[in-house]
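Here the structure comes first, spelled out in structure tokens, and everything after it is commentary.
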Amino acid sequence: MGTPSDALEVLAENYEFIESIGPCLGFRRAASVLKSLPAPLRNINDIEGLPCLGPETKAVIQDIFECGSSSKVEEVLTDERYRTLKIFTSVFGVGPKTAEKWYRRGLRSLEQIVSDSSIHLNKMQIAGFQYYEDISKPVSKAEAEAVGHIIKEIAGCFSPDVTMTLTGGFRRGKEFGHDVDFLLTVPRPGKEDGLLPAVIDQLRIQGLLLYSDFQESTFDLSRLPNRRFEAMDHFQKCFLIVKLKKEQVVGQQAEQRCGRDWKAVRVDLVAPPAERYAFALLGWSGSTQFERDLRRYSRLERNMLLDNHALFDKTTCFFCNKVIHQRRIPMARCDSTASAMLTANQD
DNA sequence: CGGCATACG
DNA sequence: CGTAT
DNA sequence: GCCG
């Protein structure tokens, strides 16, 4: 805390809580711009020429340089509503609407929520409270890799030629995350359909599955503007909570004296068809703000529509996946390719 | 002054 | 409404 | 809140 980008994130979150999406996005973009800088700001003059930093964000940054903090930000941090919604939304399965509902009922702590018999939690929220302590803790890279070994072992039984890629924040080089994201794919088209159900089943059999939300996704190209590409495809994903044994984490030993020898970890698995791998990887590598900006750029500046499955050119009415195949770009390079497609000159 | 990413359960 | 990036 |  205390950095300009953290301060701007606080303001963004506060605007999110009061459902003011415009200012929320304004502050989020400003925070992202600061985080993208090669070196921290030295003084207020350093923001000259940077995009998305207007008078309001400039005043906040200036206050931090001059006083060590911004009064507006400090005010938000002490605000009862902000503090309460921040706690409520920290529970898996609880978003701004539910948090707001609880706040309006006069509830102020998680203890009050769980002991209130008139509140009916859904399945996701029950898991969120049940494993709250564990899944609130940061996940280390070593823990992410340990989860990876478990999943890879199981997926390899289903299909020995499965490839698995760590995505999300860890793929962007972060040392810690709030969950672990993997992309899994098998070469043979259609075979990926059975992959996640098999992995989930095996986790359950091994007693490692604490929570599972499986999404059978239908990839319907007909919904995009060009009807010629009508096709159904599958793009499965699941949101899990798994039991990670401490002994499975490299450089960590189980605590002998007391308590459990495991930790609950949030894990997301995504299984696109191999053909869609590049777009899935681009979409699951994040960050949230980068994905938003890429899609906004695609649409507003390039007249294209981007999602996790495809890039559609509204001018030519063609999907750009064909480009990848014609150029025979190796799968390992598809991530930079998909990204480059957005920035490179048209050819 | 309008728009702000996009998908699925 | 919630989840994900 | 910032931008086109």
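Order of the sequence lines sets the chain letters (A, B, ...), proteins ahead of strands, with each chain counted from 1.
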Next on the checklist: Less than 4.0 angstrom between a side-chain N/O of A:Arg295 and OP1 or OP2 of B:dA5, yes or no?
Outcome noted: no
Next on the checklist: Does either side chain, that of A:Tyr277 or that of A:Thr165, offer a donor lying less than 3.5 Å from an acceptor on the other one?
Outcome noted: yes
List the atom pairs, with distances to 0.1 Å, where a side-chain N or O of residues 51-64 of chain A and a protein N or O form a donor-acceptor pair under 3.5 Å, not counting sequence neighbours.
{"unit_1": "A:Glu56", "atom_1": "OE2", "unit_2": "A:Lys72", "atom_2": "NZ", "d": "2.7"}
{"unit_1": "A:Thr57", "atom_1": "OG1", "unit_2": "A:Gly54", "atom_2": "N", "d": "3.0"}
{"unit_1": "A:Thr57", "atom_1": "OG1", "unit_2": "A:Gly54", "atom_2": "O", "d": "3.1"}

Item to check | Whole-Å distance separating the CG atom of A:Leu294 from the P atom of B:dA5 | outcome: 12 Å
Next on the checklist: Looking at A:Thr98, I'd like to know whether one of its side-chain N or O atoms comes within less than 4.0 Å of OP1 or OP2 on C:dG2.
Outcome noted: yes
Item to check | Spacing between A:Ile21 atom CD1 and B:dT6 atom P, to the nearest angstrom | outcome: 13 Å
Item to check | Closest listed nucleotide, where the reference is the side chain of A:Arg292 and the choices are B:dT6, B:dA5, D:dG1 | outcome: B:dA5
Checklist entry - Looking at the side chain of A:Phe27, which of D:dG1, B:dC4, B:dG9 is the nearest nucleotide? => result D:dG1
Item to check | Euclidean distance for P, B:dA5 against D:dC3 (whole angstrom) | outcome: 15 Å
Checklist entry - With a 4.0 Å cut-off on heavy atoms, is A:Asn308 in touch with a base, just the backbone sugar-phosphate, or nothing at all? => result nothing
Next on the checklist: Ring centroids only, cut at 6.0 angstrom: are A:Phe239 and A:Phe92 within range, meaning strictly under it?
Outcome noted: no
Item to check | Per A:Arg29 side chain, nearest of listed nucleotides B:dA5, C:dT5, B:dA7 | outcome: B:dA5
Next on the checklist: Using heavy-atom distances to pick each residue's nearest nucleotide on DNA chain B, tell me which of A:Leu300 and A:Phe214 is more 5'.
Outcome noted: A:Leu300
Checklist entry - Between B:dC8, D:dC2, B:dC4, which one does the side chain of A:Leu25 approach most closely? => result B:dC4
Next on the checklist: Among B:dT6, D:dC2, C:dT5, which nucleotide has an atom closest to any side-chain atom of A:Cys52?
Outcome noted: D:dC2
Item to check | Length of the CZ-C1' vector between A:Phe92 and C:dG2, whole Å | outcome: 9 Å
Checklist entry - In whole angstrom, what separates A:Lys237's NZ from C:dG2's C1'? => result 12 Å
Next on the checklist: Does A:Gly22 reach a base, just sugar-phosphate, or nothing at all? Heavy atoms under 4.0 Å.
Outcome noted: base
Checklist entry - Just checking A:Val94: base, sugar-phosphate only, or nothing, at a heavy-atom cut-off of under 4.0 Å? => result sugar-phosphate
Checklist entry - What nucleotide, of C:dA4, C:dT5, D:dG1, holds the atom closest to the side chain of A:Thr288? => result C:dT5
Next on the checklist: Quick check: do A:Arg108 and A:Ile87 have side-chain heavy atoms less than 4.5 Å from each other?
Outcome noted: no
Checklist outcome for this item: In whole angstroms, the gap separating P of D:dC3 from CD of A:Glu301 amounts to 13 Å
Checklist entry - Given that A:Gln215 and A:Gly26 both sit by DNA chain B, which one's nearest nucleotide is further toward the 5' end? => result A:Gly26
Checklist entry - Hey, can you pull the residues of residues 172-183 of chain A with a non-hydrogen atom under 4.0 angstrom from DNA chain C? => result A:Arg172, A:His178, A:Asp179, A:Asp181
Next on the checklist: Is the shortest side-chain heavy-atom distance between A:Tyr211 and A:Ile126 below 4.5 Å?
Outcome noted: no
Checklist entry - With a 4.5 Å heavy-atom cut-off, do A:Leu166 and A:Arg171 have their side chains touching? => result no
Checklist entry - Within a strict 4.5 Å, meaning less than it, do heavy atoms of the A:Leu282 and A:Leu294 side chains meet? => result yes
Checklist outcome for this item: Considering only heavy side-chain atoms of A:Met124, the closest of C:dA4, C:dG2, B:dC4 is C:dG2
Next on the checklist: Do A:Glu100 and A:Phe17 make a side-chain contact, defined as non-hydrogen atoms from C-beta onward lying under 4.5 Å apart?
Outcome noted: no
Item to check | Gap between atoms CG and P, on A:Leu282 and B:dA7 respectively (whole Å) | outcome: 14 Å
Next on the checklist: So A:Asn14 and A:Phe27, do their side chains get closer than 4.5 Å, heavy atoms only?
Outcome noted: no
Checklist entry - Between C:dA4 atom P and A:Leu306 atom CG, what is the distance in whole Å? => result 20 Å
Checklist outcome for this item: Ranking B:dA5, D:dG1, C:dA4 by distance to the side chain of A:Tyr15, first place goes to D:dG1
Item to check | For atom CG of A:Leu50 and atom P of D:dC3, their distance in whole Å | outcome: 10 Å
Checklist entry - Under 4.0 Å: is that the gap between some side-chain N or O of A:Arg266 and OP1 or OP2 of C:dT3? => result no
Checklist entry - For A:Ser298 and B:dA5, is the shortest distance between a side-chain N/O and OP1 or OP2 below 4.0 Å? => result no
Next on the checklist: Base, sugar-phosphate or nothing for A:Thr57? Non-hydrogen atoms, less than 4.0 Å.
Outcome noted: sugar-phosphate
